[in-house]
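Reading through the structure tokens given below for one structure.
Throughout, a chain's letter reflects where its sequence line sits, starting with A, and its residues are numbered from 1. All figures in this text were calculated on a predicted structure; none of them were measured in a lab.
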Amino acid sequence: MADHPSNTTNTTNSSDIPGGRPVRTRYAPSPTGFHHIGNYRTALFEWLTARHAGGRFVLRVEDTDRKRFVPGSIEAMVEGLHWLGLDWEGPDVGGAYGPYLQSERLDSYRDYAEKLIAQGDAYRCYCTEERLAEMRAEQEARKEPTHYDRRCRYLTPEERAANEAAGMPSVVRFAAPLEGTTTYHDFLRGDITFDNTTIDDMILLKSDGYPTYNFANIIDDHLMDISHVIRGEEYISSAPRYAQVYRAFGWEEPVVVHVPLVLAPDRTKLAKRHGALPLLEYRDLGYLPEAICNFLLLLGWSYDGERELFTLDEMVQVFDDRRLGTSPAIFDKGRLDWFNGVYIRKMTPKQLTDAALPFLLAGLPEEARALAASDRAYVTQVLLLDQERLKTLRDAPELAGFFFVEQPEYEASLLLGKNMDAARAIETLDQLLPVLAEQRDWEHDALLRTLDTFVTSHGFIRKKADGTEAPDRGPVFMLVRVGVSGRKETPGLPEMLATLGKDRVLKRLRAARTKLETLATQTAG
RNA sequence: GGCGCAUUCGUCUAGCGGCCUAGGACAUCGCCCUCUCAAGGCGAAGAUCACGGGUUCGAAUCCCGUAUGCGCUACCA
């Protein structure tokens, strides 16, 4: 991964950056659990926006909800982001705008809240949660929209002083405009206008002294010089309230981009059970970060509707915010699998071995592990044979396990086919075994020649549709295939034999013959 | 309920007034290749562009309604 800003020679992109300030984007997750693919897709978009413009991507942890804090979630997030190949300015790497944990920035939120109170744009509210609940219940009973009734906004200075003197706990609320409308500009959707009567006096500071997300997010985006706020569309309705606060401070508003949600196949919000696992589980399932990124890139973004394969560097080159979509996308695992296969097929032998070996070792039976662990050249050869068949790295033990075991286990009947009963199979092996034992040149071309000669000289002939006859590799090849692998689906036979080596092949075919004899006896008896 | 956003093949999407009898990809099906499975090649099927009105010589594209989905409506983010 490149650590330097990529050369942005793209001349057609004028989207980046109305206002011309340095591009800084941020991913602002809350450590309240594990983040799924949809969250990381947003992070990808943010990272690409920054990188494309030669700007910076910031990781800021929104740990303002002490009740929902989940230990370990920050670490998992960082690990996930790293795994995808992103880099950033943030809590673990530092930067000029730290600290990057909101829990370490509490003083500044208080200061700014005080400032708003001083200028009349915020006020302390002493209403208890019980009263608020009661108030809401009444509003609902009257079928009114539920809103804070702003009682504390109109407290007299004397009442206020009395509450303070009594030591009543309070929150700080924004004194939102009561009339008119608030319009903000959504980069993708244009101006969005809300009637101010529908906007509540939101809480800025909670009674525990922590800011709400709604407040901290504004303060930090400003303090960290965030130029582009990219976030999920669930924030569309909150955006006007943020705009009001920016305006109360007289601050420049960032470019606001709301990206659509990623939905489950049943069109509901993505949840664990839909296969929307925590990102790192995809790693453990054998997915490649390149494939995940590419898949994510095209969920809600398109280049031209035709091209769909992009490396991270290429994404940085071509990414353009304006091509972001506005409607929700459904998580399609089948498509992810396809991307993963594509990227597996692109791997060099070394990359493939490095990536797949751990999965091989983890999935192989005990007795087979030593060989896989000790003979890397053999592992590479094997992996190469199955490269185009791997949908995930985790498929490796299943597909290639037989290369490493002492003897494959399988039902003897698997050796039989439509032109191959037990008797003929035994006969065939008896004839073939000596031929293979004699085989000196144990590589693909020579083996194929030998096998073909065997096929034609032992009467394996099939009739073609036009009535002419042709050699029929099928019965013999399949017999050997199963005998040597225990499977009906394998890489091509000659290359498989070449890789297995003469000793293993002969040993396995002899074992197959024994199986067939047992089978024949049983059937006869 | 209120407010907001969205709506093109099963899925991801292209499309920004005429090039669209709507293009690409995944998945599906068929054929080819072929020792199996893949991969690859070729092809098929699949979208009355949610619906209804407008605007226009002309609309998937612009406007207005309706429907549906989703989001917000917390001292969550």
- Taking atom C1' in both B:C9 and B:C29, what distance in whole Å separates the two? 15 Å
- Query: With a 4.0 Å cut-off, would you call A:Arg389 and A:Glu398 a salt bridge?
  - Reply: no
- What nucleic acid atoms does A:Arg487 come within less than 4.0 Å of, heavy atoms only: base, sugar-phosphate, or nothing? nothing
- Whole-Å distance, A:His444 NE2 to B:C35 P, equals 11 Å
- Message: Once side-chain hydrogen bond (donor to acceptor under 3.5 Å, both in side chains) is applied, what residue pairs with a partner in residues 167-180 of chain A remain, sequence neighbours excluded?
- Response: none
- Check side chain to side chain contact (heavy atoms under 4.5 Å, CB included) between A:Glu427 and all other residues, then give those that pass, not counting sequence neighbours. A:Arg424, A:Gln431
- Query: Mind checking who B:A14 pairs with, Watson-Crick or G-U wobble, both distances under 3.5 Å?
  - Reply: none
- Query: Expressed as a whole number of Å, how far does the C1' atom of B:G52 sit from that of B:U7?
  - Reply: 15 Å
- Query: Atom CD1 of A:Ile330 to atom P of B:C9: distance rounded to whole Å?
  - Reply: 11 Å
- Indicate whether OP1 or OP2 belonging to B:A14 is found under 4.0 Å from a side-chain N or O atom of A:Ser302. yes
- Task: Taking atom types as modelled, find out whether A:Asn214 and A:Tyr242 have a side-chain donor-acceptor pair closer than 3.5 angstrom.
- Result: yes
- Using the P atom as the reference point in each nucleotide, state the distance between B:C26 and B:G43 in Å, no decimals. 14 Å
- Message: Looking at B:A39, which nucleotide sits across from it as a Watson-Crick or G-U wobble partner, both distances under 3.5 angstrom, or is there none?
- Response: none
- Note on the structure: In Watson-Crick or G-U wobble terms, with both distances under 3.5 Å, the base opposite B:A6 is B:U68
- Message: Applying a 4.0 Å non-hydrogen cut-off, can you work out what A:Gly325 is touching in the nucleic acid: base, sugar-phosphate, or nothing?
- Response: nothing
- Task: Report the distance from atom CG of A:Leu188 to atom P of B:C16, rounded to the nearest whole Å.
- Result: 18 Å
- Identify the nucleotide, in any strand shown, that forms a Watson-Crick or G-U wobble pair with B:C49, with both distances under 3.5 Å; if there is none, say none. none
- Item | Atom P, compared across B:G40 and B:U8: separation rounded to whole Å | 28 Å
- Query: Checking all strands, does A:Pro240 fall into the base, sugar-phosphate, or nothing category for heavy-atom contacts under 4.0 angstrom?
  - Reply: nothing
- Could you list the residues that satisfy side chain to side chain contact (heavy atoms under 4.5 Å, CB included) with A:Ala400, not counting sequence neighbours? A:Val382, A:Asp386, A:Phe403
- Taking atom C1' in both B:U34 and B:G41, what distance in whole Å separates the two? 13 Å
- Which residue pairs pass the salt bridge (Lys or Arg N to Asp or Glu O under 4.0 Å) test when at least one of the two sits in residues 26-36 of chain A, sequence neighbours left out? A:Arg26-A:Asp221
- Query: Which value, in whole Å, describes the distance between the P atoms of nucleotides B:A22 and B:A44?
  - Reply: 13 Å
- Considering every strand shown, what is the Watson-Crick or G-U wobble mate of B:U21 when both distances are under 3.5 Å? none
- Query: Across all strands shown, which nucleotide pairs with B:U61 by Watson-Crick or G-U wobble geometry, both distances under 3.5 Å?
  - Reply: none
- Message: Going by salt bridge (charged side-chain N to carboxylate O under 4.0 Å, His left out), name the residues that satisfy it together with A:Glu114, two or more places apart in sequence or in a different chain.
- Response: A:Arg124
- Task: Verify, without hydrogens or angle tests, whether A:Asp200 (side chain) and A:Met202 (backbone) share a donor-acceptor contact under 3.5 angstrom.
- Result: no
- Query: Roughly, in whole Å, what's the span from NZ in A:Lys391 to P in B:C37?
  - Reply: 16 Å
- Message: In this structure, how many angstroms lie between the P atom of B:C35 and the CG atom of A:Leu447, rounded?
- Response: 16 Å
- B:C51 and B:G69, which share atom name C1', separated by this distance in whole Å: 15 Å
- What pairs with A:Glu144 under side chain to side chain contact (heavy atoms under 4.5 Å, CB included), at least two apart in sequence or on another chain? A:Gln139, A:Arg142
- Item | C1' gap between B:U36 and B:C42, integer Å | 22 Å
- Query: Rounded to whole angstroms, how far apart are CG on A:Leu352 and P on B:A39?
  - Reply: 16 Å
- Nearest-nucleotide 5' precedence on RNA chain B, A:Pro145 against A:Arg473: A:Pro145
- Message: Taking any heavy-atom pair under 4.0 Å as a contact, classify A:Arg323: base, sugar-phosphate, or nothing.
- Response: sugar-phosphate
- Query: Could you give the CG-to-C1' distance, from A:Leu451 to B:C35, as a whole number of Å?
  - Reply: 9 Å
- Query: Can you check the A:Phe194 CZ to B:G2 C1' distance for me, whole Å?
  - Reply: 12 Å
- Task: With a 3.5 angstrom cut-off on both distances, give the Watson-Crick or G-U wobble partner of B:U56, or none if there isn't one.
- Result: none
- Item | All side chain to side chain contact (heavy atoms under 4.5 Å, CB included) counterparts of A:Ser103, not counting sequence neighbours | A:Asp63, A:Leu101, A:Tyr210
- Kindly determine whether A:Gln102 and A:Arg60 satisfy side chain to side chain contact (heavy atoms under 4.5 Å, CB included), including the steps that lead there. CA-CA 7 Å; A:Gln102 291 190 323; A:Arg60 184 180 70 224; 3.5 Å; yes
- Query: Could you write nucleotides 20-26 of chain B as a row of B, S and -, 5' to 3', where a protein heavy atom under 4.0 Å of any base atom gives B, of only sugar-phosphate atoms gives S, and otherwise -?
  - Reply: ---BBBS
- Applying the 3.5 Å cut-off to both distances, the Watson-Crick or G-U partner of B:U28 turns out to be B:A44
- Query: Which parts of nucleotides 70-77 of chain B does protein reach within less than 4.0 Å, heavy atoms only, written one letter per nucleotide 5' to 3' as B for base, S for sugar-phosphate only and - for none?
  - Reply: SBSSSBBB
- Task: Check every atom of B:U11, B:G40, B:C5 against the side chain of A:Arg189 and return the nucleotide holding the closest atom.
- Result: B:C5
- Message: Counting only side-chain heavy atoms from C-beta out, which of B:U13, B:U36, B:C35 sits nearest to A:Leu493?
- Response: B:C35
- Could you verify whether a donor N or O on one side chain and an acceptor N or O on the other, from A:Asp337 and A:Tyr287, lie under 3.5 Å apart? yes
- Is A:Arg481 side chain donor-acceptor paired with the B:C35 base, going by distance under 3.5 Å alone? yes
